[in-house]
Amino acid sequence: MNRKTVSLAFALAFFAAAGYAQDTTATDSTATDNTTQPAADSGTATSTDSSSTDTGSTSDTGNQSDSQTSTDQQTDNPAANEATPPGPDANAEQPKPVADSVAQPMIASGSRERNGTPLVPEQPVWNSFHGQLSAQKYSPLTQINPDNVGDLEKVWQVHTGDVSDGSGDKPATVWSATPIFANDTLYIGTPFYRVLALDPATGEQKWAFDTKSKLEALTQPALKNRGVAYWQAENPVAGKVCQKIVYIGTMDAQLFALDADTGKPCTDFGDNGVLNVDKWNTVNDSFPLSVLQPPTVAGNHLILGWAGQDWESAEAPPGAVFSVDAQTGELQWSFETLPENIRRKTGTANVWTAMSVDPGLNMVYLPVASPSPNYWGGNRTEQIPYATSTTALDLDTGKVVWSRQWVHHDIWDYDINSAPTLMDITVDGKEIPALMQGTKMGFLFVVNRETGEDVWPIEERPVPQGDGTVKGEVYAKTQPFPTKPAPLLDQSKKPEVWGIADLVSGGACSELFDNLTYEGMYTPPTTKGEGTLAYPDSAGGVQWGGVAFDPNAQIAVVNTSHIVQYIKLWERQDYEKNAGGSGNENGFYPQKGAPYGMSLGNALNSLGMPCWKPPFGELVAIDMHTGDVKWRKPLGSSQKYGFFMPESMGSPTIGGPAVTKSGLIFIGATMDAKARAYDIQTGKELWSSQLEAPVVANPAIYEYKGREYVAFISGGNSILKPTVGDLVAVYALPEN
């Protein structure tokens, strides 16, 4: 879900002090500035079809129970049955102790032959969240290169009007949408759940559609959108509507389908153009299955995950992934991540972020989150093999092909939070169809994407077993550690105290670190003292932007955050006494139904300074021939009390990179709200542009009428810094 967001809020709170005085008024006088009509406040919808209002407003968000299509009844569907995990319900096996968890791939059908579909499209494509279904975020365009990137200029910009800083009657906005380029149009989803169709060369609006969705924080602390998805028929029929469709989801679990040419609802989809995803929410339905991440479109499949609210309770809706028909919204198959016999006492293990697809292998790859509650697992001591995993499914049936669990018995909220990046690499002269999975732990796991088997050895190593203060736990004895690539941050030892922060606080940082329990990575949460030191924490190393890959240079690029937190479990009566009325982002979460509430804090001194040594974020390039780090450098600059810290300290990051064949990396992601370009070979910064708010989505790269463009969404995220925005900024080289 996006309690990851909540967690990040915590992690970065020290940067979010009031009084920021950053100059965020960067403008380019040469750019066309188009401001679109905000919809929600004025009630003047910009939809081209007023009839959409009825279908776009959904008041029943949490307890829909369409008995004809319930999840339970879907188990009567043969396809759904095939997709059910081969756990205790399928094979009548007795649950095994968590400590017996294994890390070897669960291979159901072994390797398969690829058909002729290329992993890297022959033409420049940016028609999905990560550019391509492989999640490489790669463009074969070369017009903009290291020699001329310094000449980039902003050629147009659009203010959508869909923004809130949370001070009014709406929650703050979080805008993590990567624009997509398709049908000679740039499509954008906004955090007010509107879709804009823009001319890719000028930003002029072609059409807009307003879902009229509730602007309420039903499952998240902010209004969120990660963009739209695009589908088109293999052989579109001229003059027939909805041969090309744009989709947008909402926090209240509605999925809208719109004709890509006109913005009018596709009435054959769902109920008059709207699919109520929450009708499949029938177990522990304490919150709606928010559709914030756009669906993954593969052939005629829309693969849907969902976000929720899983810090609050032990029992939550169980993770389920749905495949629906792209034209009708009819359910094709569903995949459950939790064994059936424990679904009513735990929940989540959902997929809230992007997925990736290899059309040639006919496989979809799921990054699966952790079960609920996040920091205590006494209610789920059975094996849950698909939780905190990368799981590969057959695209047509939802049947498991292979699965790798990256954290056994996850009690650290280490859910897998980005789409795995698919790549063909050459190692020791051997061609390997590989998959790289970035993780919050700062590990990059690399496996054969056909079979799930190791590319470089992944070892099961003993991990700490707790201090005996927590009831009901059965800790995993071992966890997987990759031998290559090297961890993105050093988890081999306790983080060092930052001398400056310690000095100015009179030794408070050292005292805090001394009072935290730490036995190495994967130290379990405790009830003792100030709690357990967590590093990496649930807010870093890799966030949802994921890993980019240049298939020609065979270089992988990823940004990361380095943040130290501490976690404490509270006996119920102590929790009620200490948590007061908070229970949200103040650090306390009830974990209702568990014997413990919990608190999460940043390792800060009394002045709000980080107690751990910088850098706070980096950009890292990896040579995939060898798995070795090619270069790494601090990324961006942090901001506090109106001042930027030195760039040598880096910045926490949200959002990810995009790369080009010409050897460039484009990325925002930093607190200083800059868009940047780097040389992929050296890591040298070649260009930057100041925007109004942090770019917390991956950029998009596209070509239109022979000109190459790079588009950034400057939307911000209030958990990174208070400044939010509504800006679409598009860059190109000057026309001669």
Test side chain to side chain contact (heavy atoms under 4.5 Å, CB included) applied to Q220 and M251, step by step
CA-CA 8 Å; Q220 310 292 309; M251 195 177 293; 3.7 Å; yes
Using every non-hydrogen atom in the two residues, find where [X] and [Y] come nearest and quote the distance to one decimal.
| X | Y | result |
| --- | --- | --- |
| G329 | V324 | O-CB, 3.6 Å |
| Q405 | I384 | NE2-O, 2.8 Å |
| F192 | T211 | O-OG1, 4.4 Å |
| P359 | N115 | O-ND2, 3.7 Å |
| I713 | A177 | CG1-O, 3.0 Å |
| I248 | G189 | CD1-CA, 4.1 Å |

Between [Y] and [X], do the side chains contain a donor N or O and an acceptor N or O under 3.5 Å apart?
| X | Y | value |
| --- | --- | --- |
| Q254 | N276 | yes |
| H409 | E473 | yes |
| S538 | W412 | no |
| D252 | T250 | yes |
| W311 | N374 | yes |
| T390 | Q437 | yes |
| H301 | Q332 | yes |
| E315 | S313 | no |

Spacing of [atom1] belonging to [X] relative to [atom2] belonging to [Y], to within rounding of 0.5 Å:
| X | Y | atom1 | atom2 | answer |
| --- | --- | --- | --- | --- |
| W406 | S389 | CH2 | OG | 9.0 Å |
| L223 | L215 | CG | CG | 5.5 Å |
| C242 | K264 | SG | NZ | 10.5 Å |
| Q479 | M441 | CD | CE | 8.0 Å |
| R380 | S372 | CZ | OG | 7.0 Å |
| Q132 | H130 | CD | NE2 | 10.5 Å |

Under the side chain to side chain contact (heavy atoms under 4.5 Å, CB included) criterion, do V547 and L444 qualify, and how do the steps go?
CA-CA 9 Å; V547 178; L444 299 170; 4.1 Å; yes
Is it the case that the side chain of [X] and the backbone of [Y] share a donor-acceptor pair, with hydrogens and angles ignored and the cut-off at 3.5 Å?
| X | Y | result |
| --- | --- | --- |
| T173 | P191 | no |
| N127 | I180 | no |
| N284 | P317 | no |
| R449 | M423 | yes |
| N350 | W352 | no |
| N362 | D394 | no |
| N448 | G452 | no |
| N281 | F287 | yes |
| N379 | K345 | yes |
| S334 | V321 | no |

With side chain to side chain donor-acceptor pair (under 3.5 Å) as the criterion, how do T185 and N183 come out once you've worked through the C-alpha distance, each side chain's angles and the decisive distance to 0.1 Å?
CA-CA 5 Å; T185 303; N183 193 33; 4.6 Å; no
Under 4.5 Å between any side-chain heavy atoms of [X] and [Y], yes or no?
| X | Y | answer |
| --- | --- | --- |
| Y522 | V407 | yes |
| L196 | F209 | no |
| L366 | L393 | yes |
| E336 | R343 | yes |
| L338 | T346 | yes |
| V400 | T391 | yes |
| V274 | L255 | no |
| W306 | F322 | yes |

Basic-acidic side-chain contact under 4.0 Å: K240, D259
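No, this pair does not count.
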Do the side chains of D285 and K279 get close enough for a salt bridge, i.e. N-O under 4.0 angstrom?
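So D285 does not pair with K279 through a salt bridge.
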Whether Y365 and W402 hold their rings parallel, tilted or perpendicular, with breakpoints at 30° and 60°
tilted
Can you say whether the rings of F445 and F443 are parallel (under 30°), tilted (30 to 60°) or perpendicular (over 60°)?
perpendicular
Only one of W231, F269, F256, Y230 passes ring pair (Phe, Tyr, Trp, His ring centres under 6.0 Å) with Y247, and that residue is F269
With side chain to side chain donor-acceptor pair (under 3.5 Å) as the criterion, how do E460 and T478 come out once you've worked through the C-alpha distance, each side chain's angles and the decisive distance to 0.1 Å?
CA-CA 6 Å; E460 286 290 315; T478 63; 2.5 Å; yes
For the pair D325 and N300, evaluate side chain to side chain donor-acceptor pair (under 3.5 Å) and give the outcome as yes or no after the intermediate values.
CA-CA 6 Å; D325 184 279; N300 287 326; 5.8 Å; no
Please step through side chain to side chain contact (heavy atoms under 4.5 Å, CB included) for the pair W544 and I654, ending with a clear verdict.
CA-CA 7 Å; W544 57 75; I654 304 177; 3.1 Å; yes
Would you mind telling me which of V357, V297, L395 makes a side chain to side chain contact (heavy atoms under 4.5 Å, CB included) with I303?
L395
By the definition side chain to side chain contact (heavy atoms under 4.5 Å, CB included), identify the one residue from D410, T388, V542 that meets it with I416.
T388
Carefully, step by step, assess M436 and F549 under the rule side chain to side chain contact (heavy atoms under 4.5 Å, CB included).
CA-CA 10 Å; M436 174 179 273; F549 178 67; over 6 Å; no
List the steps and the verdict of side chain to side chain donor-acceptor pair (under 3.5 Å) for S356 and S134.
CA-CA 5 Å; S356 50; S134 61; over 6 Å; no
